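Predicted model only: the values in this text are computed from it and were never measured.
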Amino acid sequence: VRVPLGRRVVTGVVWDQAGGDELMYYVYSSSPPWSFSNQLVRAQRPLFATLTVDGRRAWQPAHAADADIAAAFACHQGGDKGFGNALGATAADYLARRLTAAGYAVSSARSDWRIGVTHGALLRHMVEEAVAVVRETDSSAAARYAEWLTQRNAQIDAGALSLTVGHLDLLALPPAR
């Protein structure tokens, strides 16, 4: 199986060539049968995966449409990226369970993005991305979220919006030989 990653094509996992960001994209966008964890175990390689999305998004202040937008994100993240339905936000948990079952010592910690009111450009990008994902997953939803978009942009302009995006860091060490 050939997986395009940036400018390279990785067949399986070429351990000495694949970067960490590419490996986590591989895990995030794969379905369980793709079994990245089996390749790790077979190679007895450690893994330090950082900033792996976990599905949490908390806008402050909250808006009634936030839950629907989060559901659209979950649908998008779990969609087919070319390998079947992706693990998406469940990738880190899935990988931790699989590696623990294989005897790895696994630990994880939150590494959330906290995008504050002083980061208006990034917040605006995140708002626009949220609406784009909603439009992609449900093309009839654009009108329903126009008010959400207008209110969020006004909150950015007023310095009154922040966002926490949930991420996990995962460390997995193979069993001692």
Run the side chain to side chain contact (heavy atoms under 4.5 Å, CB included) test on Leu161 and Trp59 for me, step by step, so that the C-alpha distance in whole Å, both residues' side-chain angles and the decisive distance to 0.1 Å come before the verdict.
CA-CA 7 Å; Leu161 183 66; Trp59 298 93; 3.9 Å; yes
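- Residues Pro61 and Ala160 come closest through the heavy atom pair CD-O, 3.2 Å.
- Judged by distance alone, with hydrogens and angles left aside, the side-chain atoms of Tyr104 form a donor-acceptor pair with the main-chain N or O of Leu40 at under 3.5 Å.
- No continuous path of hydrophobic side-chain contacts links Trp113 to Leu168 [ILVMFWY only; heavy atoms under 4.5 Å].
- Annotation: the span from Ile69 atom CD1 to Arg152 atom CZ amounts to 7.5 Å, rounded to 0.5 Å.
- Looking only at distances, a side-chain donor or acceptor of Thr137 sits under 3.5 Å from a matching main-chain atom of Val134.
- When atom types are taken as modelled, the side chain of Gln44 and the backbone of Val41 share a donor-acceptor pair closer than 3.5 angstrom.
- Note that NE2 of His119 and CE of Met126 are 12.5 Å apart. Values are rounded to the nearest 0.5 Å.
- Using a 4.0 Å cut-off between charged side-chain N and carboxylate O, Arg135 and Glu129 make no salt bridge.
- A donor-acceptor contact under 3.5 angstrom links the side chains of Asp66 and Trp148, judged on distance only.
- Between Gly166 and Asp112, the closest heavy-atom pair is CA-OD1, 3.4 Å.
- His63 is not listed as a side-chain neighbour of Tyr145, based on a closest heavy-atom distance of 4.5 Å or more.
- For the atom pair CG of Leu173 and OG of Ser107, the computed distance is 7.0 Å after rounding to the nearest 0.5 Å.
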Just do the side chain to side chain contact (heavy atoms under 4.5 Å, CB included) check on Val106 and Leu95 with the steps written out, would you?
CA-CA 9 Å; Val106 177; Leu95 195 53; over 6 Å; no
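- Grouping the Ile, Leu, Val, Met, Phe, Trp and Tyr side chains by contacts below 4.5 angstrom, directly or via other members, places Val133 with Val131.
- A distance of 11.5 Å separates OG1 of Thr100 from CZ of Arg98, quoted to the nearest 0.5 Å.
- Rounded to the nearest 0.5 angstrom, Ser162 OG and Ile115 CD1 are separated by 9.0 Å.
- Leu170 places none of its side-chain heavy atoms less than 4.5 Å from the side chain of Thr52.
- Taken to the nearest 0.5 Å, the CD atom of Glu136 stands 9.5 Å off from the SG atom of Cys75.
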Verdict with reasoning, His167 to Val165, per side chain to side chain contact (heavy atoms under 4.5 Å, CB included):
CA-CA 6 Å; His167 288 83; Val165 181; 3.4 Å; yes
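- Taking Asp157 as the reference, Arg124 meet the side-chain contact (heavy atoms from CB on, under 4.5 Å) condition, with sequence neighbours excluded.
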